[in-house]
Amino acid sequence: MEADEKAIAAKRDYLQTQLIQAIPEIVVNGNQHQRLAGNLHLSLPGIPNSTIIARIRQQLAISTGSACSSGTVTPSHVLRAMNLSNDFIDGALRLGLGKFTTKQEIDKAAEILIEVIKTTNNVGDGLINYPFLSVVAVVESESET
């Protein structure tokens, strides 16, 4: 089990690195050292998560907010408790990876997200750069399939 967790965390970190290298304005919500292996929770300040979801819902399974608020329309109480600004909550996306997620799937997900975010950023208001943010904790989990 511990080996699985390390492998899943490595996959999450690989996806995170790809996304941040392509789009440095992405903010990772969560403690970088104490978090669930299969969870990557991001914020795209300046781009509503509904805009991203609408453009990729046929290609990727991705969620907004926290797992604790799945299925609700109101902003996540977990993200509010983390003291995230409305801009960060509105731009929050949750990605789950598991034991059977392949490198090819991660590469494809990163490619899709990067393209959609860059396209949206060029058309809309654009990402807001918050260079001095500290990272805060997220508590949630994804089930493995």
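Being a predicted model, the structure only gives us computed values, none of them experimental.
Formation of a donor-acceptor pair under 3.5 Å by the T51 side chain with backbone atoms of I47 is not found in this model. Panel note: side chain N39, backbone G96; no donor-acceptor pair is recorded below 3.5 Å. A donor-acceptor pair is defined here as one N or O able to donate and one able to accept, closer than 3.5 Å; such a pair exists between the side chain of N49 and the backbone of A92.
The side-chain contact (heavy atoms from CB on, under 4.5 Å) test applied to I114 returns L19, A22, I23, A110, K118, not counting sequence neighbours. Listed by chain and residue number, Y14, Q18, K103 satisfy the side chain to side chain donor-acceptor pair (under 3.5 Å) test with D107 (two or more places apart in sequence, or in another chain). By the side-chain contact (heavy atoms from CB on, under 4.5 Å) test, E105 is found to be paired with T101, T102, residues two or more places apart in sequence or in another chain being considered. Here Q59 pairs with I56, I112 under the side-chain contact (heavy atoms from CB on, under 4.5 Å) rule; sequence neighbours left out. For Q21, the side chain to side chain donor-acceptor pair (under 3.5 Å) criterion is met by no residue, not counting sequence neighbours.
Looking at every heavy atom in both residues, I8 comes nearest to L97 through CG2-O, 3.8 Å. The two residues F88 and S43 have their closest heavy-atom pair at O-OG, 2.9 Å.
How far NZ of K6 is from CE of M1: 13.5 Å, rounded to the nearest 0.5 Å. To the nearest 0.5 Å, atoms CD1 (I52) and CG (L93) are separated by 6.5 Å. Considering CG of L44 and CD1 of I26, their distance stands at 5.5 Å, rounded to 0.5 Å.
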ask   = Would R55 and T119 satisfy side chain to side chain contact (heavy atoms under 4.5 Å, CB included), going step by step from the backbone distance to the final call?
value = CA-CA 10 Å; R55 294 180 181 193; T119 302; 4.2 Å; yes
request  = Would you check, one step at a time, whether the test side chain to side chain contact (heavy atoms under 4.5 Å, CB included) holds for L40 with R94?
outcome  = CA-CA 6 Å; L40 179 57; R94 179 172 45 93; over 6 Å; no
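Using a 4.5 Å cut-off on side-chain heavy atoms (C-beta onward), L42 and N29 make no contact. At least one side-chain heavy atom of V28 sits under 4.5 Å from a side-chain heavy atom of Q16.
Within the structure, every pair that satisfies the salt bridge (Lys or Arg N to Asp or Glu O under 4.0 Å) test and touches residues 8-21, not counting sequence neighbours, is listed here: D13-R35.
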